[in-house]
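Report on the structure given below.
Every chain is numbered from 1, with letters handed out A, B, ... down the list of sequences.
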Amino acid sequence: MQDGKHTILLGRPVSLSRLKKRAGFLRVRNGRAWRTPALVLQARHNAGETGAQENTARFGFTVTRRLGNAVIRNRARRRLKETARLVAGAHARPGYDYVVIARQGALTRSFTQLQKDLCIALEGVHKEQSARA
RNA sequence: CCAGUUGGCCGGAUGGCCGCUCUGCGCGGGGGAUUUGUAUUUUCGUACCUUGGCGCGGGGAGGAAAGUCCGGGCUCCAUGGAAGCACGGUGCCGGAUAACGUCCGGCGGGGGCGACCCCAGGGAAAGUGCCACAGAAAGCAAACCGCCUCUCAUUCGGGCCGCAAGGCUAAGAACAAGAGGUAAGGGUGAAAGGGUGCGGUAAGAGCGCACCGCGCGGCUGGCAACAGGCGCGGCACGGUAAACCCCACCGGGAGCAAGACCGAAUAGGGAUGACGCGGGCUCAUCAGCCCAGGCCCGUUUCCAGGCUUGAUCAUCCGGGUUGGUCGCACGAGGCGUAUCGCAAGAUGCGUCCCAGAUGAAUGGUCAUCCAUUCUGCUUAACGCGGAGGGACAGAACCCGGCUUACAGGCGAACUGGCAUG
RNA sequence: GGGCGAUUAGCUCAGCUGGAAGAGCGCUUCGGUGACAUCGAAGAGGUCGCAAGUUCAAGCCUUGCAUCGCCCA
């Protein structure tokens, strides 16, 4: 069952380490991506990056103007941030940079569904990588 | 009760769990001077500095935070003053204000039965331009059709004389031509040189008169815009200034990505053009002083003051940094109250401290309630169940306005209508 | 955050001092060709971004909105 496989393993909510520089976003854009209706997840190993630490995963968020006005964009980013904070501890791998791009579903989906989406995306990104390797 | 007008206020509430940011205190981590304890070193440790942790407490989006349309504070452009020109803005009058294109009160015009609403509302008699098409004519008095008078010719008709041909005559009618008088009527246009009525006339006309409008002069009231009488003028002066313009008043430019400091990194570049390769004195050099030249932010002139004369200025090309701190939140501040003022507002007193982010915090989620919509049961209200569902919108240096967006709700004053007492 | 600019035919743009809208490319039809292209002829296609105002009259003047784009340290 999909549900059993993707139950949300709520690890301890971690305080997110954030990706804040434009250069970091551009680097992650060249990595692997996974799409769901609510978000697009991009990931890349951050070895050799200045300021990166081996044992933490860093997250960046992108919300474009196409999604709506400032209030709508703020709400989308806050929901995604909270989702990442709850899910990252169990599913994100240290030493990786992730960029989450909001889509329309980030506003309309229920919060539990949103968490499930991010789990699937995180697993999907890494599964694809190991399959290729 | 129904319909409406004006000016205000609010912009879901409570709780659980988990977070973000600023800040105060305490604990903790790191660094750690002078002095003293000693012969030296090290360690401990104080003031102090700093921060990534922990605990407790406190604060944390709006009426528009928006658009960036005006006005200011503040900062830089090296600085200040005077006069003129140019450019831009504003525009009834008086007041409020730091200032304004904002606000308040009044005046004038327009709309509404009314409460009330709307108006870029100076000057067209300083000058210039424009008024397409249509129309005779579009701005200065002109006359296309028409109306009327006169002259002359013709025709018709009448009268008289004559047998007749014909002649004479005049108060007529029609039509052509010419001369003149008209602007009532027609038609065009957005607009055609006061309007209506009576008189008047050949026909007409401010030609005359009455009322209305308009202009000029003076009087009264008002700070003024303006209003009201009075007298005179028979009418001249079309519209457009969100066309140029005139008049009055205001305005230097750029903006917190302003600007200041610290640190890192790279470079002490290249091309083209301009000015110039200044003089004298102290003098080994640096540096200073005097004279001369250039420059000082829309522009010209004048004054003061300053900068600069080579490591120059202007334009273009190339390279590096894409960190931090300050600016930065006590302010034309909020709330309450008293006095003055019709009001906008002013002054005094008391009280409060009220966001400070920077890939950008101020939240995420769940539940209940509340407002509200649809629907099922119910005769119906009520009640119960289910589903939907909470407007516009997110501080970015700060204030005063304007404009635009906005689900719904609260209370006030006033107007019109109906009913009742 | 702040400062600027643009919007006219399907596309790229003209349109001066207000008097009612044009060019090139494209499109359609016809001619021409065995057929096509080139070529020739004719034609269609416009809420001038939207809304108010000034004016007799607005693509043009004024104001407010909307959309798109550029610049800065």
Are there any protein N/O atoms within less than 3.5 Å of an N/O atom in nucleotides 66-69 of chain B, and if so, which ones and at what distance?
none

Exercise. List in chain and number order the residues that pass side chain to side chain contact (heavy atoms under 4.5 Å, CB included) with I72(A), two or more places apart in sequence or in another chain; answer none if no residue qualifies.
Key: N69(A), R75(A), L107(A)

Practice problem: Select one nucleotide: of G394(B), A361(B), C18(B), the one nearest the side-chain heavy atoms of R85(A). | Solution: C18(B)

Practice problem: Keeping to residues at least two apart or across chains, list the salt bridge (charged side-chain N to carboxylate O under 4.0 Å, His left out) pairs with something in residues 36-46 of chain A. | Solution: none

Quiz item: What pairs with R77(A) under side chain to side chain contact (heavy atoms under 4.5 Å, CB included), at least two apart in sequence or on another chain?
Solution: F61(A), V63(A), N74(A), K81(A)

Practice problem: Tell me, please, which residues at least two apart from T64(A) pass side chain to side chain contact (heavy atoms under 4.5 Å, CB included). | Solution: T62(A), R66(A)

Exercise. Please answer whether G359(B) and F25(A) are stacked, defined here as ring centres separated by less than 5.5 Å and planes angled under 30°.
Key: yes

Quiz item: The side chain of R77(A) lies closest to which of these nucleotides: C18(B), A361(B), G359(B)?
Solution: A361(B)

Quiz prompt | Residues forming a side-chain hydrogen bond (donor to acceptor under 3.5 Å, both in side chains) with E82(A), sequence neighbours excluded | solution = R85(A)

Every protein N/O lying under 3.5 Å from an N/O of nucleotides 364-367 of chain B:
unit_1  : atom_1 : unit_2 : atom_2 : d
U365(B) : OP1    : R79(A) : NE     : 2.7
U365(B) : OP1    : R79(A) : NH2    : 3.1

Quiz prompt | Residues that R109(A) engages under salt bridge (Lys or Arg N to Asp or Glu O under 4.0 Å), provided they are two or more places apart | solution = D117(A)

Quiz item: Residues in ring pair (Phe, Tyr, Trp, His ring centres under 6.0 Å) with F59(A), at least two apart?
Solution: Y98(A)

